[in-house]
Amino acid sequence: MDINIILTITMFVTLVGLLMTGFPVAFTLAGTGLLFGGIGIATDLMDLSFLEILPNRLFGSVIRNELLFAVPLFVTMGVMLEKSNVAEELLESMGKLFGPLRGGLGISVTIVGALLAASTGIVGATVVTMGLLSLPTMMRRGYDTSLATGSIAAAGTLGQIIPPSIVLILLADVMSNAWQQAQLNKGMFSPVPMSAGELFAGALIPGIILVGLYILYQVGMAVFRPETSPAIEQDTDTSGTLYRKLFFALLPPLFLIVAVLGSILTGIATPTEAASVGAIGAILLGASRLGGVMPRIVVGSIIAIVLLLLISTNFDLRMHREVVPSSDQIAYWAAVLLSILFFAGLGIALWRTHRSGVLSDVLRSTVRISTMIYAILIGASLFSLTFRGIGGDEIIENMLHNLPGGQFTALLLVMLLMFVLGFFLDFIEITFVVVPVVAPALLAMDGTYGPIWLGVLMAMNLQTSFLTPPFGFALFYLRGVVPEDVPTTAIYKGVLPFVVIQVIALLLISLEPELVTWLPDLLFRD
């Protein structure tokens, strides 16, 4: 066997083995890369110049990568919404609305999970939050333990596939690089880029389909096994009061989601710009939950920014022209005043959230999560450089191209590999280590593979892996917050139907790629 092949296999097996020991991922990636880089240089299998380009690579792919700037902003948005009781209010209102129906509480959990997924994009936080808030209520109301835990775990993993999410942001960056590399390998020296907005658009319809299948299953359980999901007696709230509570609980996060995702899909803003809007909106939303005069201040700030947008759209605010109409002058000074009002409101919101302790918790969580992601990215860059230096990328590409069955077998093998690795590795490690290795080879094959379809397929595959017993990450998160008297077997039993639903959704988008590609083609293609 060729020594390059032996070294490549040994490098990958060593990495997986070290990761499974629990040693910090970033240091494991960097250490494995340095170790095998040294071996490659010593055996003349690798040129030292591969490691010498690491600073330039990091400067280009990390420091100057505007897409990755969105990561801490989206994390801030998600953590602030998590800590501002948005989920609690949504669950309470949705539970009262759907509770009188059999299975209504489970449907509420799925809907709220989807909304949290679209607003936080952090799987662990969503599973833990939903487990702490909804499981006690479902158990107290007589829900079947397996159905309750399965619904919560499945709803929590929706953050993998429903945009905007951290998973899709990171995957978009990696898939874009892989797509450009695949095109260069084909001799296309003007590669067509892929944007994060296109991946968001591609994931939107599959995410909605998945939510619909979850709800359909819960309706079926309520019809055919009504004892598993009893109805909840209507409380003393009048319907008018209930709808008003639901409106005020649902409107702010829904408005924020539409503003962030809508601005990306329509091309008004880049993902980074939209993420900044989301972070500021989440801070204002968190401040409005503090009571007192804060709700009025927040509403005033929102009105100010909306009026600013209207003025900037309808008036020319450039004051250095030779002739400036009086209407434009009035609009200019109105915009200045509205800007002062908005920043004053934002400053008060920051001060109040700081005084309450919420802002400090949010910033600490943001720094911790963002630092982890960037550290892993740096380690993965060193690992991938060494991997390419010893010829690992060519070996993987040749192996996939020479498999019997061609494209189908290659894709199936990669999906199975990622599915199994999802039991042991987090999505960040898989995104930064596995995807850059296999995606260029798959995209270089002659066929219908495109980066958007392949990216969505990988994201949903990882979501299925995180939900599958006995090693799914979502199950570990849920196990940490459920009462001790709830057996682990009940959790496993509850998630199995949702795993089947995930597989059905995977098959749907595999057999009908238009479910993924239709919306990006509609929005981003001329």
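Source: prediction; values computed, not measured.
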Hey, does [Y] have a side-chain heavy atom less than 4.5 Å from the side chain of [X]?
{"X": "F419", "Y": "T468", "answer": "yes"}
{"X": "I215", "Y": "I111", "answer": "yes"}
{"X": "Y214", "Y": "Q502", "answer": "yes"}
{"X": "I373", "Y": "L170", "answer": "yes"}
{"X": "P271", "Y": "I169", "answer": "yes"}
{"X": "M415", "Y": "L506", "answer": "no"}
{"X": "F74", "Y": "L168", "answer": "no"}
{"X": "S276", "Y": "F69", "answer": "no"}

So, taking the atom named [atom1] in [X] and the one named [atom2] in [Y], what distance separates them when rounded to the nearest 0.5 Å?
{"X": "I209", "Y": "L216", "atom1": "CD1", "atom2": "CG", "result": "12.5 Å"}
{"X": "Q180", "Y": "M194", "atom1": "CD", "atom2": "CE", "result": "9.5 Å"}
{"X": "S301", "Y": "I305", "atom1": "OG", "atom2": "CD1", "result": "9.0 Å"}
{"X": "T353", "Y": "L284", "atom1": "OG1", "atom2": "CG", "result": "9.0 Å"}
{"X": "L261", "Y": "F200", "atom1": "CG", "atom2": "CZ", "result": "7.5 Å"}
{"X": "S195", "Y": "D173", "atom1": "OG", "atom2": "CG", "result": "12.0 Å"}

Could you tell me whether the side chain of [X] and the main chain of [Y] form a donor-acceptor pair under 3.5 Å?
{"X": "T464", "Y": "M460", "result": "yes"}
{"X": "T371", "Y": "R368", "result": "no"}
{"X": "S312", "Y": "L308", "result": "yes"}
{"X": "S288", "Y": "P295", "result": "no"}

* Applying side-chain contact (heavy atoms from CB on, under 4.5 Å), run through L285 and M80 and close with a yes or a no. => CA-CA 9 Å; L285 182 57; M80 176 60 80; over 6 Å; no

So which heavy atom on [X] is nearest to which on [Y], and how close?
{"X": "P436", "Y": "V174", "answer": "CG-CG1, 3.6 Å"}
{"X": "V516", "Y": "P206", "answer": "CG2-CG, 3.9 Å"}
{"X": "Q218", "Y": "S151", "answer": "NE2-OG, 3.0 Å"}
{"X": "L467", "Y": "V495", "answer": "O-CG2, 3.6 Å"}
{"X": "G202", "Y": "I452", "answer": "CA-CG2, 4.0 Å"}
{"X": "R321", "Y": "D328", "answer": "NH2-OD2, 3.0 Å"}

* Does W351 have any ring-ring contact (aromatic ring centres under 6.0 Å, His included) partners at least two apart in sequence or in another chain, and if so, which? -> H354

* May I ask you to check whether Q160 and T157 show a side-chain donor-acceptor distance below 3.5 Å? => no

* To do: List the steps and the verdict of side-chain contact (heavy atoms from CB on, under 4.5 Å) for V358 and R352.
  => CA-CA 9 Å; V358 173; R352 286 295 304 273; over 6 Å; no

* To do: Determine, stepwise, if the pair L290 / R355 fulfils side-chain contact (heavy atoms from CB on, under 4.5 Å).
  => CA-CA 11 Å; L290 299 177; R355 289 289 301 272; over 6 Å; no

* **R296: side chain to side chain donor-acceptor pair (under 3.5 Å) partners, not counting sequence neighbours** => none

* Take L29 and L382, measure what side-chain contact (heavy atoms from CB on, under 4.5 Å) needs, and give me the verdict at the end. => CA-CA 7 Å; L29 288 166; L382 179 53; over 6 Å; no

* **Pairing residues for R364 by the salt bridge (charged side-chain N to carboxylate O under 4.0 Å, His left out) criterion, not counting sequence neighbours** => D361

